[in-house]
Structures are given as C-alpha cells and as structure tokens.
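Computed from a predicted structure; not experimentally measured. In the text below, chain A, chain B and the rest are named by the order of the sequence lines, each starting its count at 1.
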Amino acid sequence: MPETGDFKSEFLRNFVKRGHYYDCTDRDGLDGLLRKERVTAYIGFDCTAPSLHVGHAMQIMTLRRLQQAGHRPIVVMGGGTTKVGDPSFRNEARPLLSEEEIAANKQAILKSFRNFLTFGDGPGDAIMVDNAEWLDKLEYIPFLREIGRHFAIGRMLSMESVRAKLDYDLPFSFLEFNYSIMQAYDFLELYRRYGCRLQSSGSDQWGNIVSGIDLARRVENVQLFGLTTPLITTSSGAKMGKTAAGAVWLNPEMRSPYDYWQFWRNTEDADVGRFLRIFTDVADDEIARLEKLQGADLNEAKKILATEATAICHGRKAAEDAAETARRTFEEGVTAAGLPVVEMDWSAGDISGERGFRERSAAAILKGSGLATSLSDARRKIAEGAVRINDASISDPEKLYRASDAQPETGALKVQYGKKKIVLVKPV
RNA sequence: GGGGGAGUGUCCCGAGUGGCAAAGGGGGCGGACUGUAAAUCCGCUGCGUCAGCUUCGUUGGUUCGAGUCCAACCUCCCCCA
C-alpha cells in the first residue's frame, strides 16, 4: 500500500482513517482542492447484473463519505460502457448483454443507491447520470479525431488489464480494448457537464482513471484527480460478496434485509473492526471499543456491524427488524414472524404425483422453501440430517405434511436447513 | 488466406484407455467442535415417484456401445501470410 502521507482535508484524513484509502494520483493536489472547495466526484457502475453486491458497497460508501464531507457525488450508471464490456481481470470475454437486459439491470440497480446517498438539486446533493447519454451518440470518425488521437497504443498495451490478456493469450477483441477509452471519455464528459474533478474506484481501475486524467489534460488543459480503494477480501482471503453460492446482493428483492443482516453477522472475527470502519458510520471511538472485545463478546460488535451496515443499505427500520428477528430466532429460540416467508401452492395434489390431497413431502417442502434447488437436492440434504421442519429433525424425505401442520403463530411451517438458514413456508 | 493446437460435470481449474454419471483439486454447502467466528476432521456437491433419464463446443456419422473414432460447422490460441 502506498504512503498515506499527512492529509489536511477532512475528507482524506477520514478516508484514510476509515480504511478506504489505497492510492491517489496527486495527493497534495487533491488534498488542497478538497480543502478549498466543494468537489464534484464520480464513480461508475456497470449494469451487468440486476443488482449490485457487497463488493460494490465499498464504492458506494466512498460516495457517502464524500457527501458527508460536503462534496457532491455523482453516480454514473454504465448504460453505455456495459455495452462494450470491461475486460479487466476476467478470463473470458463475457457474452454481450442485450440492450434490453442492460436497461432492465440499470432500472433495478438505481434503487440501491437511495439509502446510501441523498439525491436532489441542492449543491451537495448526489446526482445520477447514465453514460449512454453521451456514449450512444458518439460518431466514429469525429470521435477518433477528437479523442482517439490522444491515445497512444504503446501505452494502452502496457496497461495492466490489457497486458494480462495478452500475456496469458486470453481472447481480447477490439471491442473490449475500447472500454478503457470509453471510461476515460466519461471522465472528460463529466468534467465538461458537471465540473467533475475526481474519479474514485477500486484499485483495479487505476489505469482507466489515469487515462481519463491524461485525456482531460490534453483536451481541456485541466487537472483532474483519481482516488482508489483497496480490493476488499476477508481475512481468510476470499473475495467479498462473490461466492459461488451467490453474490450478496444489495437489492432487497434479490436478498432480503434479514439475509443481508445475517451476512454481516457472520463476519470473521478478524474483520469486524475493519468492516465497521468501512461499511458503517459508527464513530471511531466506539469502533475502537468494539474491536477490543474478546472471544464471544465480539458477537456484540458483529450485531452492531450487521445492524448498522444493513441500516445504510435497507433503512433503519428494516435493519432493526432483522436484528430483532435474529434475536428471537437464535437467542430465544422461538419462531419469529420476521423470518423470510415463501408461499407454496398446496391447493392441488402433491406436486410430484397423486400422493394425497393437500399433502406435501418433506423434500417437496424443502424445495419449495428455496433452500434446495431440486427434489434430488432436497432429498440429499434431508438424508444428511441437515433439515428440520417445525423444529423436528427429519431423515425421511417422503415424510408427509399437510397444511394444518402450519404453526399457529405464523401460519407457516418452519423449515430449517443447517443451523442458520430458516424459511417459513406458508401453504396457500 | 495456409498450417498446427484447444473447447470436459453450466462456479473455477483439470484427468479421461470405446463400456463413464465420468479421477483429482479449488470453491461452496452440511455435520462434529465452537461464540450464528477462525482453524481442524468428516460428508455432500447433474435430474428423477430410484425404474431410470439427461451431461463432455454444435450438428451429423461409424459402432452392440462414443467424452473417447470420422466429417462438417462454431469459438479461441499459436505459427506463417
């Protein structure tokens, strides 16, 4: 990690202290600018999925910190760049998304930002733009003449993301090669439109950020700045939020606030302090106190981390509901109504055959709960003894339940896979 | 354009002799131990009313039988132009 130096601006001092800082293209320059005026800064987000995931949370928090320090954040939706596709650090050219998919993804992603940032027309309010606004309109020859001539092939080839492709003989088309130019052009365009002076992102975007700064210097003779954050991994080395089992989505339709809370609650001991600093607004001295806790006492800190991080993403109410549901479930051992509920059609015979009216096998229920992906999967999990229904351990996948087995408090069957995954299955 | 090589269980990497639901990793999930932690050990990781069914880039073909042989096509890589 590069030198952090002694920053004088409130924003950068805090940025370092909170663990967001990785590198900066011009430390003194940016530090001075931030002290002098309200700075407009942006981060771009591609629309490759219908939701952002916790891996993006670091970036969104950067914008939040900027806003807290009185600066103006711009969220740039990559409606245009996603059509090109970021080649960085991917082994394959990912299949091109259709324009419809990109548009749908963008619409779904927009909502995620509402709780992290305050949008509006005021001087420090966040704004959101889509780079398709200008990228879609580009004309090839004029663009090459105005912008393309400033890009030296030699230097582009030396960029880390490009070199990796070339060095390992990975597929790499001219289309992807242009991604970096598009991103550089974004920075220039944002400067022209909004006076944006700063681009932030993860450290993997360094090359693209620098390209934008160079371009703006040549074209507009202006000094722009870049600021990067470290790639977040857990202490065990795993990349955050992108497990094979499924990303930790920020969108509540794709991952409920309760499950989001659980994700943070299960943080490794060694990460608690670091995550509190990055992903919550908890005061520094309070974090200092929390991370000193030892052994099981550290669980208190994890609950605060979970609630605070969830509150920023899903709102205070949802976070406290999730905390309360977890408390009742795991500390009191009762069936809490706030657990995820899945409705299941019990109106006809057993879905897997005429086994009996309005009865469902344990395996079918487990599949219906979403905790198993198929009946085979459900049977396997039940046979392993990992499943409980209504708090009773079961081993027979064919054991039958009827709608009247629903627990009166919730009107649902309590289906549990493993120790932590609980879903209420409501017969409909 | 010419020559050579490669595409395996849809998370990734990767063995594979004509009899294979297909070795082995990693990752993930579950169990034990704990503190809803880490580490460690064990198990699971295509679908199915367990008879079977469908997987090895795509489509045809040879064969009792093909991931394995043949042909064409698609994609990628390397060398030559």
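- Salt bridge annotation for D321(A)-K317(A): present, with a cationic side-chain nitrogen under 4.0 angstrom from a carboxylate oxygen.
- Applying the Watson-Crick and G-U wobble criteria (two distances, each under 3.5 Å), rA71(B) pairs with rU59(B).
- Straight-line distance between the C1' atoms of rC73(B) and rG25(B): roughly 34 Å, to the nearest whole Å.
- Nearest nucleotide to the E384(A) side chain, out of rG35(B), rG30(B), rU36(B): rG30(B).
- Between rC44(B), rC29(B), rA37(B), one nucleotide has an atom nearer to the side chain of K420(A) than all others, and that is rA37(B).
- Atom CG in L366(A) sits roughly 12 Å away from atom P in rG48(B) (whole-Å rounding).
- Looking at heavy-atom distances under 4.0 Å, R380(A) makes contact with sugar-phosphate atoms alone, never a base.
- Applying the 6.0 Å contact sphere to CD of E10(A) captures no more than 12 heavy atoms from other residues, nucleotides or ligands.
- We find that CZ of R328(A) is positioned 18 Å from C1' of rU36(B), with the value rounded to whole Å.
- With rounding to whole Å, K421(A) atom NZ is found 8 Å from rG30(B) atom C1'.
- Residues E324(A) and R327(A) are paired through a salt bridge, judged by an N-O separation under 4.0 Å between the basic side chain and the carboxylate.
- In this structure, NE2 of H53(A) is placed 17 Å from P of rC11(B), rounded to the nearest angstrom.
- Using Watson-Crick or G-U wobble geometry with both donor-acceptor distances under 3.5 Å, rG35(B) finds no partner in any strand shown.
- Nearest nucleotide to the K302(A) side chain, out of rC47(B), rU36(B), rA37(B): rA37(B).
- In this structure rA15(B) sits in no base pair that meets the Watson-Crick or G-U test at under 3.5 Å.
- Distances from the side chain of S376(A) to the nucleotides rG31(B), rG48(B), rU36(B) place rG48(B) closest.
- Which of rG31(B), rG35(B), rU36(B) sits closest to the side chain of N266(A) comes down to rU36(B).
- Residue side chain D269(A) reaches the base of rG35(B) through a donor-acceptor N/O pair under 3.5 Å, judged by distance alone.
- Side-chain N or O atoms of R265(A) include none that pairs as donor or acceptor with a backbone N or O of T307(A) at under 3.5 Å.
- rG28(B) and rC78(B) are spaced 33 Å apart, taking the P atom of each and rounding to whole Å.
- Residue D297(A) contributes atom CG, which lies 18 Å from atom P of rA38(B) at whole-angstrom precision.
- The partner of rC20(B) cannot be assigned: no Watson-Crick or G-U wobble pair with both contacts below 3.5 Å exists in any strand.
- Because its glycosidic torsion is within 90° of 0, rC20(B) is reported here as syn.
- We find that D6(A) and R13(A) are not joined by a salt bridge, their nearest charged nitrogen and carboxylate oxygen being 4.0 Å or further apart.
- The residue A270(A) sits apart from the nucleic acid: no heavy atom pair falls under 4.0 Å.
- Whole-Å rounding puts the L298(A) CG to rU34(B) P distance at 19 Å.
- The base-pairing partner of rG1(B), taking Watson-Crick or G-U wobble contacts with both distances under 3.5 Å, is rC80(B).
- Base pairing of rG30(B) is made with rC42(B), judged by Watson-Crick or G-U wobble geometry with both donor-acceptor distances under 3.5 Å.
- S374(A) comes within contact range of the sugar-phosphate backbone alone, with a heavy-atom separation under 4.0 Å but no base atom that close.
- Between Y22(A) and W206(A), a ring centre-to-centre spacing not shorter than 6.0 Å is recorded.
- The separation of rC77(B) from rA22(B), taken at their C1' atoms, amounts to 27 Å, rounded to a whole angstrom.
- Residue contacts shown for G418(A) are limited to sugar-phosphate atoms, with no base heavy atom under 4.0 Å away.
- As the counterpart of rC50(B), no nucleotide is assigned, since no Watson-Crick or G-U wobble pattern has both distances under 3.5 Å.
- Residue T267(A) is classed as a sugar-phosphate contact, given heavy-atom separations below 4.0 Å to backbone atoms only.
- Taking the six-membered ring where the residue is Trp, the centroids of F15(A) and F7(A) are separated by 6.0 Å or more.
- Side-chain atoms of K419(A) lie closest to rC33(B) of the nucleotides rG48(B), rC29(B), rC33(B).
- E268(A) has its CD atom 12 Å from the P atom of rU40(B), to the nearest Å.
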